[in-house]
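Structure record follows, encoded as C-alpha cells.
The shown structure was predicted, so the numbers you read here are calculated from the model rather than taken from an experiment. Chain letters run A, B, ... following the sequence lines, proteins first and then strands; every chain starts at 1.
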Number of protein chains: 2
Amino acid sequence: MTKALERREKLRVDLIQAAEQMIAERGLAGLKTRDLAREIGCANGAVYNLVTDVDELILRVGSRTLLRLDEALSAAESASDPSPQETLIRIALAYCDFAAENLQLWRALFEHRMEADKILPDWSVNDQMQLFRHIYQPLAVLFPKRSQEELGITARSLFSAVHGMVALGLEQKLVAVPLPALRKEIATLVRAMIDGLAARGVKRISGA
Amino acid sequence: MTKALERREKLRVDLIQAAEQMIAERGLAGLKTRDLAREIGCANGAVYNLVTDVDELILRVGSRTLLRLDEALSAAESASDPSPQETLIRIALAYCDFAAENLQLWRALFEHRMEADKILPDWSVNDQMQLFRHIYQPLAVLFPKRSQEELGITARSLFSAVHGMVALGLEQKLVAVPLPALRKEIATLVRAMIDGLAARGVKRISGA
DNA sequence: AATATTTATTGAACGATGTTCAAGGTCTCT
DNA sequence: AGAGACCTTGAACATCGTTCAATAAATATT
C-alpha cells in the first residue's frame with residue numbers, strides 16, 4: 001500500500017520543484033502543464049493526479065517562495081546591530097534583495113489572481129502574507145506608547161511602502177533604477193518615515 | 001476614399017471602448033477577441049485590421065487610463081489649500097481614490113507584461129508612467145535647497161511608497177482594508193515621510 | 001498463488017483562445 | 001462601368017488547460 005503513495009509523493013514534489021524552476025526561468029506565463037509533465041517524466045494528464053489545478057500548483061510554489069522570503073526577513077531581523085531603526089532598514093533592504101534575486105518567483109506572488117468564485121484551499125490561508133509581522137518588534141521598541149492595533153497598522157503601512165518602492169523600482173514601466181540606487185532610496189525613505197512618525201507623535205502632544 | 005477610413009476609425013474607437021469596458025467589468029484576463037468582435041459587430045478576424053495585437057489593444061486602453069489618472073492627479077495638485085504638505089497628501093489620496101474607483105483598469109496598468117522581445121510601439125512610450133512629476137512641484141517648494149535630480153529621486157520614492165500602500169491595501173492578499181482606513185493610513189504616512197525628510201535634511205547639517 | 005477489486009496512468013480528445021489567410025465583397029478612381 | 005486596391009469574413013491553425021474512457025498496476029481476498 002505504500003509503494004503507490006510513495007511514488008505519488010515523490011512525483012508531487014518533483015512537480016512542484018519543476019514548476020518553481022519553470023516560473024523562475026520563464027515567468028508565471030511560461031508555466032505549461034505539458035512541459036512540466038515532460039520534465040518530471042509522466043503524461044500530461046497525470047499532472048492532475050498530483051494537483052487539482054495549475055492554480056494549486058502556483059499556490060504551492062507561492063508557499064515555498066513565501067517561506068524563503070520569511071527566512072530572509074528573519075535573518076535581517078536578528079542581526080548584529082540591535083538598534084530598531086537599523087533593523088527596520090535591514091529588513092527593508094532584505095526584502096528588496098530577495099525580490100531582485102528571485103524576481104520571477106516574487107512577481108508570481110502578486111501577479112497570480114484566482115477566479116473570483118474559487119476559494120483558497122485551507123493549507124494556503126495560513127501563509128497568507130503576514131510578512132509585516134517582521135517589523136512589528138522593532139516598531140514596538142521605537143514607539144512603546146502605541147497600542148498593538150496602532151503598531152499593526154503602522155507595520156502594514158511601512159511594509160507596503162517599501163513593497164511599492166521595490167515593485168516600481170524593479171519594473172521597466174517606471175524607469176529602470178539600478179539596484180544600488182534603489183537600495184539607497186529605500187534606506188533613505190525608511191529612515192525618513194521612522195523619523196517622521198516619531199516627530200509627529202511628539203508634535204501632536206505639544207500641539208502644532 | 002473617406003467612407004472606408006471613417007468606418008475604420010469609428011470601429012477602432014468602438015473597439016478600444018469595448019475593450020476598456022470589458023477590462024473594467026471582467027478584468028484583464030476577461031478580455032476576449034471574439035467577445036469584442038461580437039460587441040462591436042464585426043468578425044473575429046477583423047479585430048486585427050483595427051489593431052495588430054491584443055497587446056496593442058491593452059496598451060491603448062492603458063493610455064486612456066493613464067490619461068484619466070493624470071487628470072485626477074492634476075485636479076488634486078491644484079486645489080484650494082496651496083500648502084505643499086497638504087497638496088502632497090491630496091495627490092496621494094487622489095491616487096488611492098482613482099485606483100479604488102477604477103480597480104480593474106488600474107490593475108491592468110501593472111498586470112500587463114509584454115513578451116520580453118516585443119518592443120513598445122512609439123505612441124506608447126510617451127505616456128510611460130511619469131506620474132511622479134505631479135509631486136515634483138510641491139516637493140520643490142518644501143525642499144528648495146535640493147537639486148533637480150535629488151527632487152526627482154525623492155518624488156519617485158514618495159510616489160512608489162504610496163503606490164505600494166494602495167496596491168497592497170486594495171488587494172485581498174494582505175488583509176482587506178476598508179477604504180476610509182486606508183486613506184487615513186496614507187495621509188499619516190505621507191505626512192510622516194515629509195516630516196522625516198525635512199528633519200533628516202536639517203539634522204545632517206547639525207550632525208547627529 | 002490465483003483471482004478479483006480497487007486505484008493509478010495514459011494519451012487522445014474537447015473546448016477555449018489568439019492569430020492567420022485565402023476567398024469573396026466593397027469601395028474608389030478613371 | 002469597370003479595373004484595381006483595399007476590407008471583411010469566417011474557417012482553419014496552433015496552443016493552452018482540462019477531462020475521461022481505456023489500459024495497466026497495485027492491493028486485497030480467497
Next on the checklist: Among C:dG18, D:dT8, D:dG17, which nucleotide has an atom closest to any side-chain atom of A:R34?
Outcome noted: D:dG17
Checklist entry - For A:R38 and C:dT10, what is the distance between atoms CZ and C1' respectively, to the nearest whole Å? => result 16 Å
Item to check | Global bending angle along the helix from C:dA1-D:dT30 to C:dT30-D:dA1, which compares the axes of five pairs at either end, to 10 degrees | outcome: 10°
Checklist entry - With sugar-phosphate meaning primed atoms plus P, OP1 and OP2, does A:L31 contact a base, only sugar-phosphate, or nothing at under 4.0 Å between heavy atoms? => result sugar-phosphate
Item to check | Lys/Arg-Asp/Glu bridge criterion (N-O < 4.0 Å) met for A:R156, B:E185 | outcome: yes
Next on the checklist: Considering every strand and a 4.0 Å limit on heavy-atom distances, what is the contact class for B:N44: base, sugar-phosphate, or nothing?
Outcome noted: base
Checklist entry - Looking at C:dT19, D:dT8, C:dT10, which one has an atom nearest to any side-chain atom of A:A43? => result C:dT10
Next on the checklist: Any carboxylate oxygen within less than 4.0 angstrom of a Lys/Arg side-chain nitrogen, looking at B:D14 and B:K10?
Outcome noted: yes
Item to check | Presence of salt bridge, B:R68 and B:E71, under 4.0 angstrom | outcome: no
Checklist outcome for this item: Taken to the nearest whole Å, CG/B:L15 to P/D:dT8 is 12 Å
Next on the checklist: If the threshold is 4.0 Å, N to carboxylate O, is there a salt bridge linking A:E20 and A:R60?
Outcome noted: no
Next on the checklist: Any salt bridge linking B:E111 with A:R113? Criterion: basic side-chain nitrogen under 4.0 Å from a carboxylate oxygen.
Outcome noted: yes
Checklist entry - What is the distance from CG of B:L50 to P of C:dT20, rounded to the nearest Å? => result 14 Å
Next on the checklist: Closest approach to the side chain of B:K32, judged atom by atom: which nucleotide of C:dT17, D:dT18, D:dG10 is it?
Outcome noted: C:dT17
Next on the checklist: Can you work out whether A:G41 or B:G45 has the more 5'-proximal nearest nucleotide on DNA chain C?
Outcome noted: A:G41
Item to check | B:R26 with A:E115: basic N within carboxylate O range, under 4.0 Å | outcome: no
Checklist outcome for this item: One should read off an interatomic distance between A:N49 CG and A:L15 CG, to the nearest 0.5 angstrom, of 11.0 Å
Item to check | Side chain of B:R8 (C-beta onward), nearest among D:dC7, C:dG11, D:dG17 | outcome: D:dC7
Checklist outcome for this item: From NZ of B:K10 across to C1' of D:dC7 the rounded distance in Å is 17 Å
Checklist entry - To the nearest Å, how far apart are A:L28 CG and D:dG17 P? => result 11 Å
Checklist entry - Looking at B:T33, does any N or O in its side chain come under 4.0 Å of the phosphate oxygens OP1/OP2 on C:dG18? => result yes
Item to check | Distance, rounded to the nearest Å, where B:M22 contributes CE and C:dT17 contributes P | outcome: 11 Å
Checklist entry - Expressed in angstrom and rounded to an integer, what is the separation of B:L36 atom CG from D:dT8 atom C1'? => result 17 Å
Checklist entry - How close or far is atom P of D:dT18 from atom CG of A:L57, stated in whole angstroms? => result 10 Å
